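Being a predicted model, the structure only gives us computed values, none of them experimental.
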Amino acid sequence: MKRPEVLFIALLVCVVPPTLYLMSNNTRYESHEITCLNESGAFKLSYESLTLEESIVFEDNETQKQVQVSEITPDTFSFVNNNKAYKINLEADNAIVVEEGVNEIFRCAHEVFKI
């Protein structure tokens, strides 16, 4: 084999796989949708990133509203809407809604879309 051919093959083997790996791990867009329901009703949450500075879209009874996240931990986040406190547990896939001291538990489904 000639020297340029060997260099070209070495370049393909050493550069292309790491480049493809890094490109596949970088997401340009990520969207999350959480749907929670129980026997008394349902609500839906949508967000791109979960931070205290950004708001999330809260949908209940066919109305959409932007709400601010008040607390974030590795497994949960909380917010308040219409005198109700919502605490979403991403690990356990459930939500607790507190209104005037009464707790309601919702079962949730979390869908993530990445490109």
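Listed here is the closest heavy atom pair of Ile34 and Tyr47: CD1-CE2, 3.9 Å.
Residues meeting the side chain to side chain donor-acceptor pair (under 3.5 Å) test with Asn82, sequence neighbours left out: Lys65.
For residues 44-92, no residue pair satisfies the disulfide (SG to SG under 2.5 Å) rule, not counting sequence neighbours. Sorted by first and then second residue, the disulfide (SG to SG under 2.5 Å) pairs involving residues 38-82 (not counting sequence neighbours) form an empty list. Within the structure, every pair that satisfies the disulfide (SG to SG under 2.5 Å) test and touches residues 35-104, not counting sequence neighbours, is listed here: Cys36-Cys108.
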Quick one: do Lys44 and Glu33 satisfy side chain to side chain contact (heavy atoms under 4.5 Å, CB included)? Show the steps, please. CA-CA 7 Å; Lys44 186 184 290 189; Glu33 187 173 282; 3.9 Å; yes
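Between the CD atom in Glu71 and the CZ atom in Phe77 there is a gap of 11.5 Å [rounded to 0.5 Å].
No chain of hydrophobic side-chain contacts below 4.5 Å, direct or via other Ile, Leu, Val, Met, Phe, Trp or Tyr residues, connects Val80 to Leu45. Phe8 and Val16 fall within the same hydrophobic cluster, defined by Ile, Leu, Val, Met, Phe, Trp and Tyr side-chain heavy atoms under 4.5 Å apart, directly or through other members.
Between Phe79 and Tyr86, the ring planes are parallel. Angles under 30° get that label, and only those over 60° would be called perpendicular.
The environment of CG in Leu11 is crowded: more than 12 heavy-atom neighbours from other residues, nucleotides or ligands sit within 6.0 Å.
In this structure, the side chains of Val112 and Glu30 come closer than 4.5 Å at one or more pairs of heavy atoms.
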Just list the side-chain donor-acceptor pairs under 3.5 Å for residues 48-60, sequence neighbours left out, or say none.
residue: Ser49; atom: OG; partner: Glu54; partner atom: OE1; Å: 3.3
residue: Ser49; atom: OG; partner: Glu54; partner atom: OE2; Å: 3.1
residue: Thr51; atom: OG1; partner: Glu54; partner atom: N; Å: 3.4
residue: Ser55; atom: OG; partner: Gln66; partner atom: OE1; Å: 2.7
residue: Glu59; atom: OE1; partner: Gln64; partner atom: NE2; Å: 3.3

For residues 89-104, tabulate all N or O donor-acceptor pairs below 3.5 Å that involve a side-chain atom, not counting sequence neighbours.
residue: Asn89; atom: OD1; partner: Glu91; partner atom: N; Å: 3.0
residue: Asn89; atom: OD1; partner: Ala92; partner atom: N; Å: 3.0
residue: Glu104; atom: OE2; partner: Asn38; partner atom: ND2; Å: 3.4
residue: Glu104; atom: OE2; partner: Ser40; partner atom: OG; Å: 2.6

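Side chain of Thr76 to backbone of Ile88: no donor-acceptor contact under 3.5 angstrom is found.
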